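See structure below.
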2 protein chains.
Amino acid sequence: MTKAPPRRAKIQDVAEAAGVAIKTVSRVLNNEPNVREETRQRVLAIVKKLNYHPSLSARSLAGRRSFLIGLIYENPSANYIVDVQHGAMARCREDRFQLLMHQVTGRGEEMERDVLGLVDQTHLDGLIVTAPLSESPDLMRALDRRSLPFVRVAPNDVPHQTPFVDMDDAGAAREMTEYLVGLGHRRIGFIVGHPDHFASGQRLAGYKAALAAHGIEYQDRYVRQGYFTFESGMDAAKELLTQADAPTAIFASNDDMAAGALMAAHELGINVPERLSVAGFDDTYIAKTVWPRLTTVHQPTYDLAYTATNLLLQMLQTGAAPQSMRLGYRLVCRASTAVVHK
Amino acid sequence: MTKAPPRRAKIQDVAEAAGVAIKTVSRVLNNEPNVREETRQRVLAIVKKLNYHPSLSARSLAGRRSFLIGLIYENPSANYIVDVQHGAMARCREDRFQLLMHQVTGRGEEMERDVLGLVDQTHLDGLIVTAPLSESPDLMRALDRRSLPFVRVAPNDVPHQTPFVDMDDAGAAREMTEYLVGLGHRRIGFIVGHPDHFASGQRLAGYKAALAAHGIEYQDRYVRQGYFTFESGMDAAKELLTQADAPTAIFASNDDMAAGALMAAHELGINVPERLSVAGFDDTYIAKTVWPRLTTVHQPTYDLAYTATNLLLQMLQTGAAPQSMRLGYRLVCRASTAVVHK
DNA sequence: AAGCAAATTGACAACGTTGTCACGCCCATG
DNA sequence: CATGGGCGTGACAACGTTGTCAATTTGCTT
């Protein structure tokens, strides 16, 4: 004789056991006011005893919200996106929301269709949009039309009332460049980030500002386009390093490209940091695993995502759009940079 | 005058527009039989015109399934888990299932509570359990009790009827070890994986088997415990390399530890691969970003997850447990290994 | 002790699907 | 010409919550 599979308790079971109406149980579960403390305790006790968990589906259907939040991203480096995921997850967990990750495929129209498909199919309560998706005016408009609350993580210049969380990319890049200048470097190469990312332009602007501030002429030949990938960083660095009057330092717009630059240096037999300084941006895991360890800008990726999720949840609760936020960064000096060689 | 927010179409709207009962629309949407082709087309046309998307919640509630699949993991390296995620995501997308990622916190009882909390709160249709969670008999039992279909990805020896997808860890480790032996190495260090992972034991067994097959004595002093992290690999390698008669090659049970070993070698001034060969396992992103690039075992992480998800969906459709599967691996020889130095 | 407002509680109708079952209709069978 | 069995369809009751609103109880004021 086998034990029957224990039917899942429902709200009615709890109500009956506690001798109250289901509505009262509902009130307790949702922390609504106007329930006597004694009643609340009694219900809570039964809930625990029966191991009762409200049905998400029923709740969504009746309450017109799904407790589901989407997190969409395009194609970032694994180390970066995992930090984002965990930041958002952590905040979701606090409020018993669930997080639905979605890697967006395609660009332009196709990307839009992909996102809207997700939004239409799963009735998300809100969305976290990471760069560069957050930089598509079309997408922003489409989301507005669906009147779906969302928060953007990462900087961008799309004028929009939606709150966002970002950091001072330009400032950070400027500071890093000045650090290199401070080490005596004058020929400083720069690898630009993916052109789709607004941050790429900001970082480049910071680099330029630092040069200008120190009376160093900006030269196109010290700047190369990259795409935030290891390979693109390696290729760009090879070009930078094989020209006459090659730079004595390379500042890449993210760590993956900086790691690529390191690889390029190794392959060209250039010692880092003795003959070449290399700096990155983001301070992801890779910065600590390459040799020499990367000097980089620490970006609070986890906190960025946590904060964005926090804003979103606030937004869902209050209905009003909260203030956007800017988080801090800091330079992390490791072994890949040094005083310029003679 | 503002345009009213376009109310989301529901099944009834479609039914009315098509001049049929809602049940017929439901049948069309779910590919049920017994609908005239003409009717089907008419309904489909209206669905498209109205941009109708069934409500997930209503569907779950009425149909007693959520179209939600959970993916739980503990604390793997970012590069690894992202591959897993994308493999599972890809398969889910094909069948319009959604994937809920969940990083499990804690160990033992706490881990169990965490997982069961997820299962109880969200009415998942199925679960994908990665190692080492899949190796907890307690957890397996608890999931059975909830009669939740699940698939294990990664090897383990817990006897259980649940299907799983794995690869031949022992065989792969043996092959890699033999490759090193073939390069002339006799003193081969080995860094064991996290003791919680069954695969760690398998890989160690493969290493031992290879030594035995070639008449090389197994020595404890060439083996160190690691924890699948970069740091642990670095520490273990330092110990291995600073003893008398240090190994001429180190085989680490995953790429992160191998990268750590590389770092240790750099810090000790030991050239790789001239004075020391280093091999890893997994072939994650890190293997291609360190210098020199790592020789490693390519593990089909993406496919493992894709296949596991596939089995799970099959299971949900047919109700029967499908055959478990074993996927292939292959050695990837890069620049971190070479013929032993004299 | 009555009167009234506020606090507490409950009955019942949504919410948007799917499952069950019954109803015609048409065709093959005897 | 009755009979039976698919097929195509629809009516209606679930599914397990929350929202609305009315009913009841409590506590305070006079």
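Quick caveat: nothing in here was measured; it's all calculated off a predicted structure. Convention: sequence-line order gives letters A, B, ...; per-chain numbering from 1.
- Proximity note for A:Ala21 (side chain, C-beta onward) versus C:dG16, C:dA11, D:dG10: the nearest is C:dA11.
- Scored by the side chain to side chain donor-acceptor pair (under 3.5 Å) test, A:Asp114 finds A:His102, A:Thr105 as partners (sequence neighbours excluded).
- Using a 4.0 Å cut-off between charged side-chain N and carboxylate O, A:Lys10 and A:Asp13 make no salt bridge.
- For A:Ser26, a side-chain nitrogen or oxygen approaches OP1 or OP2 of D:dT18 to under 4.0 Å.
- Within residues 35-59 of chain A, the residues approaching DNA chain C are A:Val35, A:Arg36, A:Thr39, by heavy-atom distance under 4.0 Å.
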- Message: Each nucleotide in nucleotides 19-25 of chain C should get exactly one letter: B, S or -. Can you fill that in based on protein heavy atoms under 4.0 Å?
- Response: BB-----
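- Residue pairs meeting the salt bridge (charged side-chain N to carboxylate O under 4.0 Å, His left out) criterion with at least one partner in residues 43-64 of chain A, sequence neighbours excluded, are absent.
- A straight line from CZ of B:Arg8 to C1' of C:dG16 spans 11 Å, rounded to a whole angstrom.
- Listed by chain and number, the residues in a ring pair (Phe, Tyr, Trp, His ring centres under 6.0 Å) with A:Phe150 are A:His160 (sequence neighbours excluded).
- For B:Arg36, the side chain to side chain donor-acceptor pair (under 3.5 Å) test picks out no residue, with sequence neighbours left out.
- Not counting sequence neighbours, A:Arg42 has no partner by the side chain to side chain donor-acceptor pair (under 3.5 Å) test.
- Nucleotide C:dC12 holds its P atom 13 Å from the CD atom of A:Gln12, rounded to whole Å.
- Among residues two or more places apart in sequence or in another chain, the side chain to side chain contact (heavy atoms under 4.5 Å, CB included) test is passed with A:Ala58 by A:Ser55, B:Leu61.
- Pairs of residues two or more places apart, or lying in two chains, never qualify as ring-ring contact (aromatic ring centres under 6.0 Å, His included) while including a residue from residues 32-65 of chain B.
- Put simply, CG on A:Leu61 is 13 Å from C1' on C:dA13, counting in whole angstrom units.
- For the pair A:Glu16 CD and C:dG10 C1', the interatomic distance rounds to 14 Å; values are reported in whole Å.
- Ion pairing between a basic and an acidic side chain is recognised when a charged N comes within 4.0 Å of a carboxylate O; A:Arg113 and A:Glu110 show no such pairing.
- For B:Gln103, the side chain to side chain donor-acceptor pair (under 3.5 Å) partners at least two apart in sequence or on another chain are A:His86.
- Between A:Asn34 atom CG and D:dC21 atom P there is a gap of 16 Å when expressed in whole angstrom units.
- Fit an axis to the five pairs at each end of the helix from C:dA1-D:dT30 to C:dG30-D:dC1 and the two axes sit 50° apart, to the nearest 10 degrees.
- For B:Phe67, the ring pair (Phe, Tyr, Trp, His ring centres under 6.0 Å) partners two or more places apart in sequence, or in a different chain, are B:Phe97.
- Between the P atom of D:dG8 and the CD1 atom of B:Ile22 lies a distance of 20 Å, rounded to the nearest Å.
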